There are 4 protein chains.
Amino acid sequence: MRLIMKNLIEVYKESPETSNMTDKQMKIFRSAIKLFAQKGYKDTSTKEIASGAGVSEGSLFKRFNNKEDLLLAILKPISRVILPEVLVELSTTDQQYDHSNLQDFINVLVRNRLEFFMENIDVIKIFANEFIYDEKIRQDMVAEMPREYITNINNSFDKLKSDQQLIEWDNVEIFRFIFSNIFGYIAQHYFLFKSPKWNEKKEIDHLVDFLVKGLTPTIN
Amino acid sequence: MRLIMKNLIEVYKESPETSNMTDKQMKIFRSAIKLFAQKGYKDTSTKEIASGAGVSEGSLFKRFNNKEDLLLAILKPISRVILPEVLVELSTTDQQYDHSNLQDFINVLVRNRLEFFMENIDVIKIFANEFIYDEKIRQDMVAEMPREYITNINNSFDKLKSDQQLIEWDNVEIFRFIFSNIFGYIAQHYFLFKSPKWNEKKEIDHLVDFLVKGLTPTIN
Amino acid sequence: MRLIMKNLIEVYKESPETSNMTDKQMKIFRSAIKLFAQKGYKDTSTKEIASGAGVSEGSLFKRFNNKEDLLLAILKPISRVILPEVLVELSTTDQQYDHSNLQDFINVLVRNRLEFFMENIDVIKIFANEFIYDEKIRQDMVAEMPREYITNINNSFDKLKSDQQLIEWDNVEIFRFIFSNIFGYIAQHYFLFKSPKWNEKKEIDHLVDFLVKGLTPTIN
Amino acid sequence: MRLIMKNLIEVYKESPETSNMTDKQMKIFRSAIKLFAQKGYKDTSTKEIASGAGVSEGSLFKRFNNKEDLLLAILKPISRVILPEVLVELSTTDQQYDHSNLQDFINVLVRNRLEFFMENIDVIKIFANEFIYDEKIRQDMVAEMPREYITNINNSFDKLKSDQQLIEWDNVEIFRFIFSNIFGYIAQHYFLFKSPKWNEKKEIDHLVDFLVKGLTPTIN
DNA sequence: TATGAATGAGCCTTCATTCAT
DNA sequence: AATGAATGAAGGCTCATTCAT
């Protein structure tokens with residue numbers, strides 16, 4: 001089983017909106033992520049971001065033309081890099097893990113995504129909210145997504161189906177079942193009720209088991 | 001199988017914040033729900049709400065002391081009535097439907113909740129967003145929730161478990177699996193990609209099947 | 001000789017942008033005219049306008065959507081009412097004054113315009129400056145000007161020419177000679193060097209004489 | 001008839017504010033003139049000036065202490081050199097052209113000034129605007145004007161009057177009649193309605209004729 | 001010398017809320 | 001009860017100016 005993980009910070013360093021940032025600009029960027037996640041985009045003032053970063057408000061607008069650009073600089077790399085990477089992961093045909101085995105497939109997928117989400121929980125939270133609410137941002141982000149990957153998503157699912165490892169439902173449905181539960185796990189433990197400790201390993205095992213059982217074809 | 005459904009409008013009529021509303025106040029209330037769902041709480045001005053209702057801004061503040069009270073009037077009944085109702089539903093011991101059958105249990109639960117969500121999609125959207133983002137509102141709403149119901153949640157689950165109809169995981173986990181997928185369905189079709197038509201009956205069947213299979217105990 | 005005069009305040013009362021103003025709004029409007037004339041549009045802040053009017057800044061934006069709308073509310077009536085009126089004056093065929101007499105024609109025209117300019121010197125100053133500098137405002141104002149009047153301008157000039165009272169130059173040139181000198185008079189005494197008193201009657205007589213002599217056809 | 005002409009660039013090379021400028025500084029200076037004329041002083045940012053000149057903002061402030069100094073460097077030479085030169089021209093007693101002939105006097109004066117204005121239309125536009133609006137700049141510029149010349153203005157006029165070539169009005173009035181019409185010509189063709197071509201020679205002939213006729217004494 | 005990142009005062013504008021009518 | 005004019009704090013953003021590199 002292969003575990004890949006890409007921390008967003010590295011992604012930001014390579015993204016046009018956020019490469020070559022000075023120290024202060026990086027502080028602004030981090031301050032914005034923290035505050036947007038905490039209080040929401042609308043509820044965070046540029047003044048708060050600046051003071052949270054220990055710099056002047058002017059510096060914020062030197063790098064980011066306006067508040068929305070700052071938000072997009074946070075969010076676009078997710079569309080441009082992270083989501084495509086998920087799809088690549090789902091459709092890869094190399095031999096790093098065995099696609100004819102649903103258990104392995106789900107296992108790697110879930111753990112990779114969970115790890116990524118947990119590492120970048122703040123950005124994911126911002127993303128989740130803005131994606132739901134802001135039509136304009138949704139379109140901006142969909143526009144960023146490389147089209148070629150989307151068509152590839154079916155490969156892995158189709159392979160598993162032809163091997164009778166995966167139930168014959170629409171790929172979009174299958175996709176939704178997987179991510180609803182990953183996201184539900186994240187939401188419960190990271191967005192909503194942060195404090196109490198839980199048995200992480202056990203719950204993730206359950207999550208994988210649940211998905212595998214739910215998606216395994218019924219034998220008649 | 002029993003299908004219950006409670007439209008929120010009826011609930012509002014019985015809630016202290018929203019009972020005895022005049023026509024104008026009702027218009028304001030509906031206008032607020034529509035706009036909050038469309039653009040978010042922060043992004044909706046009281047002026048817009050008033051003009052959307054065809055009344056003056058003054059009328060809005062006559063009934064609701066401030067903008068946040070209006071939001072809470074929309075959201076609190078969910079905590080006070082709807083969520084408890086779900087729990088009651090889960091823990092009811094009457095014979096309206098057979099709790100010893102997971103298939104039936106999930107079937108009724110899912111269809112009831114979906115119907116409710118779909119009927120009240122705007123309020124749910126507001127709820128989802130504010131609950132995630134606003135700690136103060138989250139606490140307000142948790143405070144509204146009658147404590148006694150929460151402890152009852154286990155009854156149905158435990159009954160099903162003892163009948164070996166339900167897998168032996170924590171009830172909270174099971175609860176999460178169920179609602180993650182209900183919510184995922186709603187989010188996909190109502191929040192994110194509204195336009196294309198889909199085969200509703202088929203997808204809901206799949207959703208129920210998926211949950212049942214995922215939550216059925218493994219036979220060794 | 002007939003002297004007509006239209007004070008701008010009356011014009012404003014009938015203009016869509018400025019009719020039905022409350023007391024406070026009228027104060028804002030006057031404050032803006034005074035300050036724009038004194039310091040220029042760009043150099044006057046909305047805060048200054050409000051405090052000059054003794055009201056809050058919010059009141060300004062209640063009536064005028066933004067600063068530029070306030071400027072246009074001051075300027076548009078000039079295009080819409082005042083300039084057309086000049087042209088009507090020049091082209092009128094009624095018998096109130098004798099068009100076959102250049103002396104009389106110039107005399108009435110100059111005195112009417114001077115009186116109007118002097119009465120509304122602040123607005124004229126704002127107009128002069130913005131018209132020269134702001135292409136957008138120039139076009140806005142040209143758009144306001146009723147087209148039908150412009151074509152009529154030639155009537156009076158042509159009549160005087162055919163009576164050999166007026167030199168055979170292009171009407172636009174003649175128009176320019178007349179208004180350059182009226183405007184020069186205003187600029188000298190009202191814009192540039194306000195303090196010293198001058199012999200108003202004498203200078204205006206000279207201005208009329210100068211124009212009449214300059215525009216009378218040369219006898220060969 | 002003598003035609004003199006002084007391009008402002010030469011004047012700037014001899015002025016304390018603008019002599020010994022490096023290439024970059026000259027670029028800044030030209031960029032400022034162009035932009036101030038186009039959009040107005042207040043509406044032009046130092047950043048725009050710098051980028052229009054292809055240099056850094058820092059370089060601008062190295063040479064000119066602040067934005068207003070840059071404006072004054074553009075305008076002061078007009079007061080210090082150009083206006084005095086006009087007066088000298090008007091009062092010169094040498095024999096280059098015949099002061100006893102109004103026609104010749106006006107002819108040379110008008111053509112010289114028109115040529116100068118047309119050559120330096122941008123600076124004139126800036127001058128016109130700031131002189132009207134900014135009391136401080138007006139005083140700065142009046143202070144720059146060498147006093148001795150002003151008293152000499154009367155010489156030529158008085159000579160022409162004593163020769164009965166020029167009407168017996170105040171010299172200031174005569175001065176105004178001449179410059180109102182020169183400036184009106186410039187404003188019409190260069191500030192306001194730039195596009196259509198016109199018969200330049202004919203209009204300037206008319207302008208000279210108009211002034212000569214208007215200023216020739218009436219014979220009783 | 002030349003740069004441009006950094007600053008922060010001040011600008012225009014929005015908005016929830018109050019209150020006289 | 002209903003209105004909407006009035007308020008003023010706060011928001012996003014611009015810009016002349018400074019200064020470390």
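A note on names: the letters A, B, ... follow the listed sequences, proteins ahead of strands, and every chain is numbered from 1. FYI, side chains are in, hydrogens and waters are out, and symmetry mates aren't considered; it's all heavy atoms of this structure. For clarity, every value in this text was computed on a predicted model and none was experimentally measured.
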Base-paired stems in DNA chain F, each at least three Watson-Crick or G-U pairs under 3.5 Å: E:2-21 with F:2-21
Minimum heavy-atom distance between B:K67 and B:Y41, given as atom pair plus value: NZ-O, 3.0 Å
For B:P77 against B:L72, the heavy-atom pair lying closest together: CD-O, 4.0 Å
Below the 4.0 Å mark, does [N] have OP1 or OP2 next to a side-chain nitrogen or oxygen of [X]?
X     : N      : result
B:T46 : E:dA16 : yes
D:K24 : E:dT3  : yes
D:S59 : E:dT3  : yes
C:S56 : F:dA6  : no

Parallel, tilted or perpendicular: ring planes of C:F64 versus C:F29, cut at 30 and 60 degrees: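 Ring orientation, 0 to 90° scale: parallel.
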Report the distance from atom [atom1] of [X] to atom [atom2] of [N], rounded to the nearest whole Å.
X     : N      : atom1 : atom2 : result
D:K62 : F:dT17 : NZ    : P     : 16 Å
B:L71 : E:dC15 : CG    : P     : 17 Å
B:D23 : F:dA2  : CG    : P     : 10 Å

Any base atoms under 4.0 Å from [X], or only sugar-phosphate, or nothing? Heavy atoms, all strands.
X     : answer
B:T22 : nothing
C:S51 : nothing
D:K67 : sugar-phosphate

Residue mapping more 5' on DNA chain E - nearest nucleotide basis, B:S45 or C:K42: C:K42
Nearest-nucleotide comparison on DNA chain E, the residue closer to the 5′ end among A:G54 and B:E57: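 Whichever sits nearer the 5' end wins; that is A:G54.
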